[in-house]
Every structure is written in structure tokens, then in C-alpha cells.
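Notes follow the structure.
In what follows, chains are A, B, ... by sequence order, proteins preceding strands, each numbered from 1.
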Amino acid sequence: MSKIITSGGDEAEFAKPLYVPIKRRSFFMYAGATAGATALLLSGCNDDDDETVAPGAVSLGSGDVGVLNYAYALEQLEAAFYARVKASPAADFSATEKEYFNQVAAHEAIHRDFLKAAINRDAPGKIIANLNPNFDSIDFTKRATVLAAAKTFEDLGVQAYNGAGKYLKTPAYLVIAGQIVSVEARHAAYVRDLIANGSFADDSIVDATTGLDKALEPVDVIAAAQGFIKEKLDATSVGK
Amino acid sequence: MNIFRIIEQLSEVDADVLGRFDSRRAAFKTLGETAKKGALAAAPVFVASLFQKAYGQTTGSAVIDVLNYALTLELLEEDFYVKMIAGGQVPTGAPAGAIALIKKHETAHVTLLTNTIKALNGTPVAGVKFKTSAFPAAYADQLAVAQALEDTGVRAYKGQAGALIGAMAGTTSLLQVALQIHSVEARHAAHIRTMRGQTPWVGLNEMGATYTGAIPESNISQSGVNLTTQLGTTYSAADAAASFDEILTRAEVLDSSRAGGLVQP
């Protein structure tokens, strides 16, 4: 909000005519009148209007394509993870578990490739580059460590889609996101049950009072995922 | 809470957002003065009431209808699990624990949706019961019904998400809340399917009535893209179908061959 505070203003600003639909810039002029007075109130809030991309960072972009790129980045990460699991599964996985993880690997690869195709078709030139994963912290030889990482990725994926859906303006994209997130939730439940049967939706992930799964804002999801990606990602303008 | 950010976002989906405030000038003046007076603690309450006035009475029946539709399904699910637990067929241990957890969530969803509808000055549906004559005696059959309810719930929520774009209750995005319920239903569905020895995701050859909407779960094409042949890599139809859940329209869900046929008349 710092941008509008400096625009200043006084009570006279209110006398300006309003146009419907209101334009973004004129709205900020209008809002500027009270911004000074409310700066204190707002200062306690996240300053999520900062669209400055960190030096050397990959910006996911803004608007709907930003949300799609955001999803594409996460699906790239998941697909790369499961490709590793599929290529050299932990020795202590059962045959059934191996088969299921082969299926999960295919689902994530399809999500990744579909999003790539959709972005290239609908927003030519705006897709982010292929990302390089960094899985140095994951021991792929042990079932327990692979499951722990899978749980992190799947729950994070669910929280990411749940938090970003509201930023989509195009209903068709929202439907697609909804069609993907429920499959991610199925993966999450499966992995959680492998770790501890019955933990598919336990109180650590679903609020006991409201029955709501968690939702995370893009910047928070990227912060959590950044350690697994070599490129620095910037999600500050996603959906804006 | 960033009021201007919220309004900016709203303005992109609802061009008349400022027109909804009964007095635009007064609203912002009051907001400014509230802060000036140092009544910071009261400001969020004021903002919430601002949106309540703007949207609570005018959001329209469309949003209330969607919430009542969701509430109907949650009431149906809740009563089903109440009957399942009361029936005494669920084995103790992990199965009983899972059913109790799922029932707890459905009850929470009922409470949340009921309170939200009331807050929006709507009238929440009540008294929806699972049809007694359709309730199976055998545990295995009960699980099959549970799977149908959960998978249908997943499809039903995503079929209505578009109607909630931009819908707010106070400063809360109703779309996000719906998504947060939707993914929990998917977790439930995955677990029930596992309890039945099935894959946690919906496979290709599950062509029962539950899955036969206008778009069947066997669908392998999304947004005009054939997932098996047009992605640069060849994927199996089974993987393509399982990687996306499909939607059901409200009419399909409420059809007597699906959830609609399970409601006690």
C-alpha cells in the first residue's frame, strides 16, 4: 500500500466523480484520500502489492497466467520428484506401493505437461522456463524419507491450489484447478495413510472445528518449496 | 487484512463493487475516521460489516443457493455416517476411527455452512436425512455408499466453484472456503476407496451411475487437449483419466439416480 500513501489527498478527493466500472488507477486515487489515515491500520498487514522481482529471480507473472505458471512450477517439482521415485524406488517399498507411485508419477507428469500446453496455447510467450529441482535433502533409498517428502509435496500442493483458486478470473481455469487439486488431495491422503493409517485427514492438516483443509498464499507456498528448486522463484504478482 | 487490496480484487470481478456500498463516500470517510480516532481494534469489525451490508443482502440468491446445495450434500453425508456408526457394523480400530473422523468433518461442514448462510441473511436448509430404506445392512455395502457419496461430493463442489468467484462473507472468500471443503472430501474419498481395496483415485473402468455425468470419469481430454496423445509424451488412458477428477452439475447430483435418490423424501 505504500504507493498510494504518497499520493496524498484530502476530503475534496471524495467529490470526484466515480466511473463504473471503476478503473484501477482512478480507484487508487480515490483510495489515496483515506490511505494516510488508515496507514497505521494497514501496516500490520502483509504488503502483498509489492511487485518488485528480486534480482535474478524467475517471476511467475501476474493475472491468470501467473496462477497457471505457479501451478506449473509446483507440478514440475512434483513430477520431477516422482520421476526419481519411479526410476529408483526405495528397496523397502512393496510391489503395490511401487505400482501406485508409478501411477502418481504419471498423474503429476500429465498435470505438468497439460499446464505447459495450456499456457503456451492461451498465453504465448508467458510460460516460465523448465525448473531444475534440488532434491539433495531427500534420501530416495528409504521408504520413510521418500514418504515424508511426498507428504510435504502433496499437502503443499493442496494448500497451494486451495489458496490460489480465488485469484483466477476465468471460470474455466478454476474448473481445471479444481479437477487437479482433488487428485492431489487423493495423493496426499494415500501417502499419509502409508505413513500412518488413518492420518489421511487428521487434525494436523484438517481443522478440527471447521473441517477445512489448509490454504496457503502463493508467496508462502513458494517460500516452502524454494529449498527444492535451484532457480529463485518470485510469486509476488501471482493473480494480480 | 488489506481493505483496498480486497476491494481492488473485487472490482475486477464485480465492476459495481463500490456501488454496493450504500454510501461510498460515507463508507470511506467512516473508515478513515475510525482509524484516525485510534479505534483500530474496531476497524476490522467495521470493514466486515461494510461487506456484510454490501453483499449480505444483495449477493444474491445465486450464492446462497450454492451454499444451500453444498449444505444439502453435507447434511446427507452427516446423517449417513450417523446411521453407519449407530448401525454397529463398522469394525473397531482403524475403520471405526476413520469413519468417526469423516463424520466429525461432515458435522463441522454442516455447522460452517449453516452459520455462513445465516450470516448472509439466507435461510439454511435443514432436516435433510439419508433415506432409511436405502441404508444397507452390510458393512461392505455401507462403504460402497460412502464411496459414492464422497466421490460425488468432490465432483459436486468443483461443479459449482465458478458460481462463487468473487463471493465474500465479510472478508472471507467463499470460493476459498468451498475449495477447502472440497479437498477434504477428496481425502475422505481416497481413504474410503482404500478401505475397499480400490485405488485412491478414480480409475478408468468405473462406469457406475455415480460416475456417469455428462462428462464421465473416464474422460481423457481436458480443455480441448487429449492427454494421451497431445502432450508430447504418450500417456495411458487410465493415467489420463485418473489425473483429473470431473465435475457433476447440480442437476446431475440431485438426479434420483445419484445423491438425489438417497434423500429421505
- Side chain, backbone, both or neither: which part of A/Ala215 has a heavy atom under 4.5 Å from chain B? both
- Message: Given heavy-atom pairs under 4.5 angstrom as the criterion, report whether the side chain, backbone, both or neither of A/Ala201 touches chain B.
- Response: both
- Do you know which of B/Ala242, B/Ala178, B/Ala163 has the most heavy-atom pairs under 4.5 Å to chain A? B/Ala242
- Could you state the interatomic distance from CG (A/Leu212) to NE2 (B/His105), rounded to the nearest 0.5 Å? 9.5 Å
- Query: Hey, does B/Leu227 have a side-chain heavy atom less than 4.5 Å from the side chain of A/Phe114?
  - Reply: yes
- Task: Identify the heavy atoms of B/Val154 and A/Ser182 that sit nearest to each other, and give their distance.
- Result: CG1-CB, 3.6 Å
- Heavy atoms only, distances under 4.5 angstrom: which of B/Ala189, B/Pro200, B/Gly232, B/Ala240 has the most pairs with chain A? Name it, please. B/Pro200
- Item | Choice from A/Asp113, A/Asn162, A/Val183 maximising heavy atom contacts with chain B below 4.5 Å | A/Asn162
- Which region of B/Leu174, side chain (C-beta onward) or backbone (N, CA, C, O), has a non-hydrogen atom less than 4.5 Å from a non-hydrogen atom of chain A, or is it both or neither? neither
- Item | Nearest-0.5 Å distance that lies between atom NZ in A/Lys116 and atom CG in B/Leu231 | 10.5 Å
- Item | Pairwise distance CG(B/Asp245) to CD(A/Glu184) - rounded to 0.5 angstrom | 10.5 Å
- Message: So which residue, B/Ala186, B/Ser173, B/Ser183, B/Ser236, ends up with the most heavy-atom pairs under 4.5 Å with chain A?
- Response: B/Ser183
- Note on the structure: So, the part of B/Phe244 with a heavy atom under 4.5 Å from chain A: the answer is both
- Query: Between B/Ile181 and chain A, which part of the residue has a heavy atom less than 4.5 Å away: side chain, backbone, both or neither?
  - Reply: both
- Task: Against chain B, work out which of A/Ala164, A/Ala177, A/Gly178 has the most heavy-atom pairs shorter than 4.5 Å and name it.
- Result: A/Gly178
- Task: Report yes or no: does B/His191 contribute a side-chain atom to a donor-acceptor pair with the main-chain N or O of A/Gly198 at less than 3.5 Å?
- Result: no
- Note on the structure: Checked A/Val181, A/Asp193, A/Val175, A/Asp122 vs chain B; the most non-hydrogen pairs under 4.5 Å come from A/Asp193
- Between the OH atom in A/Tyr173 and the CD1 atom in B/Ile165, the distance rounded to the nearest 0.5 Å is 12.5 Å
- How would you list, by chain and number, every residue that makes a salt bridge (charged side-chain N to carboxylate O under 4.0 Å, His left out) with A/Asp203, sequence neighbours excluded? B/Lys104
- Query: Quick one: what part of B/Leu101 sits under 4.5 Å from any heavy atom of chain A, side chain, backbone, both or neither?
  - Reply: side chain
- chain A heavy atoms under 4.5 Å from B/His182: which part of the residue, side chain, backbone, both or neither? side chain
- Taking the side chain as C-beta and beyond, is there a heavy-atom pair between B/Leu175 and A/Leu174 under 4.5 Å? yes
- Side-chain heavy-atom pair B/Thr199, A/Tyr190 within 4.5 angstrom cut-off: no
- Given salt bridge (charged side-chain N to carboxylate O under 4.0 Å, His left out), test A/Asp202 with B/Arg187 step by step and report yes or no. CA-CA 10 Å; A/Asp202 66 19; B/Arg187 289 175 186 270; over 6 Å; no
- Side chain, backbone, both or neither of B/Thr233 within contact of chain A (heavy atoms, under 4.5 Å): side chain
- What is the distance from atom NE2 of A/His107 to atom CG of B/Asp239, rounded to the nearest 0.5 Å? 5.0 Å
- Got a donor-acceptor contact below 3.5 angstrom from the B/Gln180 side chain to the A/Lys214 backbone? no
- Item | Where A/Ala106 and B/Tyr235 come nearest, the two heavy atoms and their spacing | O-CE2, 4.3 Å
- So how far is it from B/Ser243 OG to A/Glu108 CD, rounded to the nearest 0.5 Å? 9.0 Å
- Message: For chain A, which candidate among B/Gly224, B/Gly162, B/Ala94, B/Ser223 shows the most heavy-atom pairs at distances under 4.5 Å?
- Response: B/Ser223
- Item | Which atoms of B/Val184 approach chain A - backbone, side chain, both or neither, heavy atom under 4.5 Å | both
- Item | Side chains of B/Lys158 and A/Ile176 in contact at under 4.5 Å (non-hydrogen atoms) | no
